[in-house]
Amino acid sequence: MADLQHYALFDESLDILRELMGHGLAVIPEEPVLAEPALARYERYSEEVAEKLRKYPCLLLEGPFTKHPLQFHRRSSGSAIGTYFAQQSVGPRIRWCLPGMDMSDRTVTPGSVSHQSSYLDLRTRQWEPASQELKAAFKDVVAIFKRHMVRMPCNTGERIWVGKAAKQAVEQGTARIER
C-alpha cells in the first residue's frame, strides 16, 4: 500500500481538498454506517462536503484511474446488522483520512492518504495490481499535499510532513504533535 502520513489543521485539509478537486478529482465522503447502499459524490467543493468531513473525516478520491463504481456490502451480524458500508477493495480509489485534533490536550493526530496495492476487477473477478494510472495520480496527489506542508522534526527525531499552520501552532505552543 502506498501511503503518506501527515499532520495538519482541519482548515489546511480543506485547502488541500479544494486544490485536489480543482484538478478534476471527485470526492466521496465516507460514512461508516449507511441505511441505504449509497454515498454522495461531489465534483466541486462545497460547505456540505466540509460539514460531512467534520463528522466523518475520511473520504475517497475518484478520477480517470477509477474503473469500477463504488460497491457496498450489507452487514449480516453485529450491532449494525442490516446497514451498509462502502467496499474498499473495488475501484481503484485513493483514500484520505484527514488529520485531527485531540481537544483534551491540543495534540494534532496523524492523517494518511493512500491507495491499495491491488483491487478486485468486477468484470473478471480477479485481483489486479494497482495500475500505472493510479500510481501516477497518487504521485500527483502527494505532490499537492507537499505543496501545503513542510518537513518538521518530531519528538522521535524523525522529520514528518506538517501543514504550515499546524507547524506555526506547535511553535507558538497552542498545539502539539507526538509520534
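Keep in mind the model is a prediction, meaning the values are calculated, not measured.
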Are [Y] and [X] connected into the same hydrophobic cluster when the rule is that any two of I, L, V, M, F, W, Y join if their side-chain heavy atoms are below 4.5 Å apart?
X	Y	value
L59	F85	no
F10	L20	yes
Y42	V141	yes
L134	I28	no
L53	M103	no

Without hydrogens or angle criteria, can the side chains of R75 and T83 be said to hold a donor-acceptor pair below 3.5 Å?
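Note: R75 and T83 side chains meet the donor-acceptor criterion.
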Going by atom types alone, do E133 and S131 pair a side-chain donor with an acceptor below 3.5 Å?
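Short answer, no.
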Quick one: pull up [atom1] in [X] and [atom2] in [Y] and give me the separation to the nearest 0.5 Å.
X	Y	atom1	atom2	answer
R41	L70	CZ	CG	10.0 Å
H6	E12	NE2	CD	9.5 Å
L61	H23	CG	NE2	13.0 Å
M149	K167	CE	NZ	14.0 Å
S46	K52	OG	NZ	9.0 Å
L14	L9	CG	CG	11.0 Å

Report yes if some heavy atom in the side chain of [X] is under 4.5 Å from a heavy atom in the side chain of [Y]; otherwise report no.
X	Y	answer
K67	D121	no
E128	Y119	no
T66	L60	no
Q88	E30	yes

Where is the tightest heavy-atom contact between [X] and [Y], given as atom of each residue plus distance?
X	Y	result
H115	A130	CE1-CB, 3.8 Å
P29	V49	CG-CG1, 4.5 Å
W161	Q5	CB-O, 4.1 Å
L34	F72	CD1-CE2, 3.6 Å
A166	A8	CB-CA, 4.0 Å
R106	T174	NE-O, 3.0 Å

Among residues at least two apart in sequence or on other chains, which ones pass side-chain contact (heavy atoms from CB on, under 4.5 Å) with S114?
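S114: side-chain contact (heavy atoms from CB on, under 4.5 Å) contacts with M1, D3, R95.
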Under the criterion side-chain contact (heavy atoms from CB on, under 4.5 Å), I'd like the reasoning laid out for W96 against L4: C-alpha separation, chi angles, the key distance, then a yes or no.
CA-CA 9 Å; W96 181 16; L4 172 70; over 6 Å; no
Test L98 against L17 for side-chain contact (heavy atoms from CB on, under 4.5 Å), laying out the working first.
CA-CA 10 Å; L98 279 63; L17 180 62; over 6 Å; no
Flag, side chain of [X] to backbone of [Y], donor-acceptor distance under 3.5 Å:
X	Y	result
Y45	D15	no
Q71	P69	yes
S112	C97	no

So R125 and L120, side-chain contact (heavy atoms from CB on, under 4.5 Å) or not? Walk me through it.
CA-CA 6 Å; R125 305 307 275 170; L120 181 63; 4.1 Å; yes
More than 12 heavy atoms of other residues, nucleotides or ligands under 6.0 Å from CZ of R147: yes or no?
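Correct, the count exceeds 12.
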Would one find more than 12 heavy atoms of other residues, nucleotides or ligands at under 6.0 Å from atom CD of Q172?
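Yes, CD of Q172 has more than 12 neighbouring heavy atoms, counting only those of other groups under 6.0 Å.
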Kindly indicate, with the supporting measurements, whether the criterion side-chain contact (heavy atoms from CB on, under 4.5 Å) is fulfilled by M101 and V108.
CA-CA 4 Å; M101 172 79 76; V108 181; 3.9 Å; yes
For E31, is there an ion pair with K55 - N to carboxylate O distance below 4.0 angstrom?
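Answer for the salt bridge query: no.
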